[in-house]
Amino acid sequence: MNKVSPPSQERLALLRLARTPGIGPMNFSRLLGLYGSGIQALEAWPARQKRAGREAPAIPSAAEMEDEIAGLQKTGARPLLRCDPDYPLLLTHVPDAPPLLFIRGDSALLSRGGVGIVGARNASAAGIRLAESLSAELAAAGQCVVSGLARGIDTAAHEAALYPGLTVAALAGGLDQVYPPENAALQEQIAEKGCLITEAPPGTVPQARHFPRRNRLIAGIAAATLVIEAAQKSGTLITARLATEYDRVVMAVPGTPLDPRSRGGNQLIKQGAVMVETGTDILQALPQHLPHRQPAPWQRRTPAPLFEQPERTDQAARAEKTPAPQPARPRRAAARQAGSSPAPAAEPQPALPLRDRLLDLLSHTPIAVDEVVTRCQFSVAAVTAALGELEMEGLISCLPGGQVVRLPDEA
């Protein structure tokens with residue numbers, strides 16, 4: 001690989017920046033795009049918060065970060081930055097990819113694509129048997145099996161792919177936490193033969209609010225997601241929804257409508273998911289080739305806009321380059337007479353600053369950025385930059401799908 005990790009001091013700054021409260025994936029990328037390095041972005045962040053009228057963030061010290069890294073290394077784990085060459089390949093194509101992950105095990109498994117297998121915790125015996133069979137068949141075909149180490153379907157999928165070492169477990173808590181307790185031995189075996197991955201730093205005890213992040217990792221790492229038994233309102237369907245948003249293949253095993261655990265999968269099939277009965281169904285539906293690795297946003301030669309804009313036609317490009325026709329100026333006969341001068345033109349009204357105009361346009365209801373650009377009559381580049389500034393000040397939030405929403409004012 002031709003990518004080189006950042007120097008030790010720069011890498012340490014990137015780790016500290018990623019571990020700073022209030023800096024999410026979008027802010028992390030935008031700060032590095034603005035300042036060019038983790039060191040400069042880290043130095044600038046407190047002042048930016050102060051100008052926004054917010055308290056200075058609790059940035060981890062260099063010593064604290066070094067201690068955390070040393071603690072990870074003692075267990076065979078390590079942090080993984082978005083700019084590292086072994087960061088999960090398909091996750092680089094996710095707009096809100098985490099800037100920092102923690103892994104233990106074989107990092108090469110993270111970029112194989114593979115299949116995410118998820119399903120009910122209280123799975124039926126038939127569902128568990130099917131998960132084991134499909135997972136073993138996939139592993140035998142060289143496909144990596146990704147799941148969430150939960151009870152039921154997840155556990156069965158991991159165990160069946162463990163022997164060839166082709167399984168990745170995404171965790172809701174830190175790498176040093178075991179959940180559920182009965183999977184302690186399985187978690188250790190996956191660390192030795194496969195790979196553990198989490199967005200949660202060491203010491204994080206898994207809570208309900210952490211599981212959507214774990215689901216995002218499963219959907220983002222795998223090339224496809226297979227659902228085996230899921231109720232209509234379950235976390236499993238969150239993973240399937242995220243996979244759809246990430247443009248991944250979604251599959252489901254059909255089941256009897258008499259079993260509530262089959263209704264979620266049956267509903268996915270109605271919505272267009274690939275129906276799976278055998279391992280061959282899965283292998284045939286998988287993409288033949290994986291895409292190229294995307295560089296981190298701040299590593300691109302031309303910084304990517306916050307939102308993708310539709311391609312402009314040649315006609316639209318020519319229209320922008322061609323100056324608009326100016327209205328003919330009325331002739332003033334008096335101006336041509338000696339000693340006379342044209343009447344002074346009216347003073348132009350000062351235009352509303354872009355920042356204020358955007359805040360006026362935005363509300364607590366999400367709106368497409370394209371519509372904001374149209375209504376405020378500023379250039380796309382200017383609007384994109386201004387939205388980034390407002391997001392870093394905590395005044396707005398940029399949502400997936402090219403939408404933006406104004407955040408409630410703090411009391």
Side-chain angles (χ1 to χ4, degrees), residues 88-91 93 108-120 123-150 152-170 190 194-195 197 215-230 234-256 259 261-291:
L89 168 63
L90 292 180
L91 204 57
H93 291 262
L109 295 176
L110 301 176
S111 296
R112 292 179 65 116
V115 180
I117 297 183
V118 292
S124 67
I128 291 175
R129 185 169 65 250
L130 183 60
E132 291 173 341
S133 174
L134 294 176
S135 181
E137 193 171 345
L138 288 171
Q143 295 292 330
C144 185
V145 174
V146 185
S147 197
L149 202 63
I153 297 298
D154 291 23
T155 296
H158 285 306
E159 289 178 339
L162 187 60
Y163 176 72
L166 288 175
T167 190
V168 171
I190 294 175
C195 188
I197 184 169
N215 296 342
R216 177 175 66 169
L217 288 179
I218 297 172
I221 291 172
T225 294
L226 170 65
V227 172
I228 304 176
E229 294 191 344
S234 66
T236 299
L237 296 187
I238 295 177
T239 308
R241 176 179 57 79
L242 289 169
T244 301
E245 292 179 1
Y246 298 159
D247 199 25
R248 309 296 159 80
V249 180
V250 176
M251 313 176 191
V253 173
T256 171
D259 189 342
R261 292 170 295 194
S262 298
R263 291 175 184 168
N266 290 347
Q267 184 64 32
L268 288 174
I269 293 172
K270 290 179 182 178
Q271 294 170 351
V274 177
M275 186 176 74
V276 168
E277 295 177 311
T278 67
T280 302
D281 295 333
I282 301 174
L283 295 172
Q284 289 179 344
L286 287 175
Q288 297 299 311
H289 303 285
L290 296 179

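We count residues from 1, following the sequence as given.
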Point to revise | side-chain contact (heavy atoms from CB on, under 4.5 Å) evaluation trace for V276 with L134 | key: CA-CA 10 Å; V276 168; L134 294 176; 4.3 Å; yes
For [X], check side-chain contact (heavy atoms from CB on, under 4.5 Å) against everything at least two apart and list the hits.
X: I269; result: A252, P254, M275
X: A285; result: V249, M251, V274
X: T244; result: V250
X: T280; result: E137, T278, Q284

**Study point:** V145 and its side-chain contact (heavy atoms from CB on, under 4.5 Å) partner, picked from L162, L138, D154
**Key:**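 Exactly one pass, corresponding to L138.
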Taking only residues two or more places apart in sequence, or in another chain, which ones meet [X] in a side chain to side chain donor-acceptor pair (under 3.5 Å)?
X: T155; result: N183
X: R241; result: E245
X: S234; result: none
X: S124; result: E229

Review point. Between the main-chain N or O of V118 and the side-chain N or O of T236, is there a donor-acceptor pair closer than 3.5 Å?
Key: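 Flag not set: sc T236 to bb V118 has no pair under 3.5 Å.
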Exercise for review: Answer yes or no: is there a donor N or O on one side and an acceptor on the other, between the side chain of R112 and the main chain of L166, under 3.5 Å?
Suggested key: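 No; judged by distance alone, with no hydrogens or angles, the pair does not exist.
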Between [X] and [Y], which heavy-atom pair has the shortest distance, and what is it?
X: L149; Y: A169; answer: CB-CB, 4.3 Å
X: V168; Y: H158; answer: O-CE1, 3.2 Å
X: C195; Y: L110; answer: SG-CD2, 3.9 Å
X: A230; Y: L237; answer: CB-CD2, 4.2 Å
X: N266; Y: V253; answer: OD1-O, 4.5 Å
X: L290; Y: G113; answer: CD1-N, 4.1 Å

Practice item. Scan for salt bridge (charged side-chain N to carboxylate O under 4.0 Å, His left out) pairs involving residues 261-286, sequence neighbours excluded, and state none if there are none. Key: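 Qualifying pairs: D259-R261.
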Point to revise | Spatial distance of atom CD1 (I228) from atom CD1 (I128) [nearest 0.5 Å] | key: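 It comes to 10.5 Å.
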Return a table of donor-acceptor pairs under 3.5 angstrom between the side chains of residues 215-227 and protein atoms on other chains or two or more places apart.
residue : atom : partner : partner atom : Å
N215    : OD1  : T239    : OG1          : 3.4
N215    : ND2  : F211    : O            : 3.4
R216    : NH1  : D96     : O            : 3.0
R216    : NH1  : D96     : OD2          : 3.3
R216    : NH2  : E199    : OE1          : 2.7
R216    : NH2  : E199    : OE2          : 2.9

